[in-house]
Amino acid sequence: GGKREEAKRICSELLTHYPNYADGMNLMGVIHHQAGELEQAREWFVKSVAADANNPHYALNMAMVCNALGDKTGMKAALDSTLALSPGYA
């Protein structure tokens with residue numbers, strides 16, 4: 001994890017200056033998900049969806065982490081949001 005830790009540091013710094021930056025929140029979720037830190041990933045994906053509820057990629061990332069956590073209800077809700085925002089995912 002050296003590069004992952006560096007990515008977390010840079011992303012954290014970015015979010016310090018731009019706390020409502022949805023892409024940064026989503027990226028933090030991706031970094032945590034890749035590290036196997038699923039609860040932290042979900043927290044960041046929740047924040048990214050709250051910051052930009054119209055981005056299907058954020059909802060899809062939420063669905064993937066919910067699936068990894070065994071949260072089928074959360075996964076279905078996130079997938080429903082993804083499909084509502086971007087029917088092309090079907």
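Computed from a predicted model, the values in this text were never measured in an experiment.
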Task: Same apolar cluster: M62 and L69, side chain cutoff 4.5 Å - done: yes
Open item on the list: Please determine whether a side-chain nitrogen of the Lys or Arg among E37 and K8 lies less than 4.0 Å from a carboxylate oxygen of the Asp or Glu.
Closed with: yes
TODO: Would you mind checking if K3 and E6 are paired as a salt bridge, meaning a charged N to carboxylate O distance below 4.0 Å?
DONE: no
TODO: Using a 4.5 Å cut-off on heavy atoms from C-beta on, say whether the side chain of N20 contacts that of L15.
DONE: no
Open item on the list: Are V65 and M75 packed together at the side-chain level, in the sense that at least one heavy-atom pair is separated by less than 4.5 angstrom?
Closed with: no
Distance check, rounded to the nearest 0.5 Å: [X] atom [atom1] versus [Y] atom [atom2]?
X	Y	atom1	atom2	answer
D23	H57	CG	NE2	9.5 Å
Y18	E13	OH	CD	11.0 Å
M25	L14	CE	CG	10.0 Å
M28	F45	CE	CZ	11.0 Å
E5	S12	CD	OG	9.5 Å

- [ ] Specify whether W44 and H32 have parallel, tilted or perpendicular ring planes, treating 30° as the upper limit for parallel and 60° as the lower limit for perpendicular.
- [x] parallel
Open item on the list: Keeping S86 on the side-chain end and T82 on the backbone end, is there a donor-acceptor pair under 3.5 Å?
Closed with: no
Task: Main-chain N/O of T16 paired with Y21 side-chain donor or acceptor, under 3.5 Å - done: no
Residue pair [X] / [Y]: nearest heavy atoms and the distance that separates them:
X	Y	answer
A78	A59	CB-O, 3.4 Å
L85	A53	CD1-O, 3.3 Å
P87	A84	CD-O, 4.3 Å

Task: Flag for N26-K47: side-chain donor and acceptor within less than 3.5 Å - done: no
